[in-house]
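What follows is one structure encoded as structure tokens, with my remarks underneath.
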Number of protein chains: 2
Amino acid sequence: MATMTAAQKRAEAKTQYNAFLAACPSQQLLARVSGKWVTLVLSALGSGPDCTGEPRPMRYSELARVLAGISPKMLSQTLKSLERDGLISRTAMPTVPVTVSYELTGLGLSLHQTVRQIKLWSEAHRDEVTENQARFDGAG
Amino acid sequence: MATMTAAQKRAEAKTQYNAFLAACPSQQLLARVSGKWVTLVLSALGSGPDCTGEPRPMRYSELARVLAGISPKMLSQTLKSLERDGLISRTAMPTVPVTVSYELTGLGLSLHQTVRQIKLWSEAHRDEVTENQARFDGAG
DNA sequence: CCGAATCCCTTTAGATACTG
DNA sequence: CAGTATCTAAAGGGATTCGG
């Protein structure tokens, strides 16, 4: 049957577009950075525990303490994915008990700089956005 | 009872941290931009249908065509949230049937510039990341 | 033509408990 | 100390249908 062309074409277009999206680097990066804890880990490692210092290595337990709300599962998962991308490096010292520290790589540091741009934009425009939202909600 | 201090303190710390996160402008912006279609709509309005042109207004149906994979629901939802934040403006012409067009505001345009930084980073480093991933997976 | 409302499924992330 | 495993809750997103 050569019928149902409309739905068929739509489905085909969608498949192609999704393939295009999957190959799009920007989308990939956004997907990576969008994780709830990814930027927080980047910030912690890139600007110190209070987000105002210098990049420095931190231990697993230190990260867990700084990111107070995170569960061990999510911390491990986030760290592993960042390590996989080469954004952070993991170093295990053969002490007893074992000591593990994480540090931004050069690549991770450059991403941290980019993410900071987002932070700057949001801080610069947050009031404006909040105001717009209030007006929109008020206008109903 | 002043017991169960450990679990209690942990819960308290978490609550405070979550409150801190909720107030963090960067987190708010990331949450907004992280939607699957948000950046695509911004790009379409900010760089034309093929992402290589000038900012210009587009109609609902034109956006639906360009973003081939999107469902009407998500398009409406995305557009409304962007309009609420004052990032795009919506104009309805009282024709029959009604004609609606969307356009970036100044605020939306500036966000688009910031988002482009992410795009540039990801394009510049995609090969490096891919290579890192392959090495990581290979090393098992 | 534009968009709202409903239903359903998949993905994500949090709680908890346990191991080297 | 540094993780892993399992289970469950919640959110995001898609298909479909209906109204202005």
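Here is how names work: the chains are called A, B, and so on, in the same order as the sequence lines, proteins then strands, and each is numbered from 1. Just the heavy atoms: all of them, side chains too, but no hydrogens, waters or symmetry mates, feed the values below.
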### Task
Go through the structure and list residues passing salt bridge (Lys or Arg N to Asp or Glu O under 4.0 Å) with E131(A), not counting sequence neighbours.
none
### Message
Taking CZ in R116(B) as the centre, count heavy atoms belonging to other residues, nucleotides or ligands within less than 6.0 Å. Is the count above 12?
### Response
no
### Task
Please work out which of the three classes, parallel, tilted or perpendicular, describes the rings of Y102(B) and Y60(B), given edges at 30° and 60°.
tilted
## Note on the structure
Given protein heavy atoms under 4.0 Å, the one-letter contact record of nucleotides 2-13 of chain C, with B base, S sugar-phosphate only and - none, is simply SSS-BB-----B
### Task
Give a yes or no answer on whether the side chain of S101(B) reaches the backbone of R59(B) with a donor-acceptor pair at less than 3.5 Å.
no
### Query
Mind checking whether L40(B) and L120(B) sit in one hydrophobic cluster, side chains of I, L, V, M, F, W, Y counted as touching below 4.5 Å?
no
### Query
Reading DNA chain D 5' to 3', which nucleotide is the first, and which the last, to come under 4.0 Å of any heavy atom in chain A?
dC1(D) to dA15(D)
### Message
For the residue pair T39(B) / Q27(A), report whether a side-chain donor-acceptor contact shorter than 3.5 Å exists.
### Response
yes
### Task
Following the transitive rule for hydrophobic clusters with a side-chain heavy-atom cut-off under 4.5 Å over Ile, Leu, Val, Met, Phe, Trp and Tyr, establish whether L67(B) and V100(B) coincide in one cluster.
yes
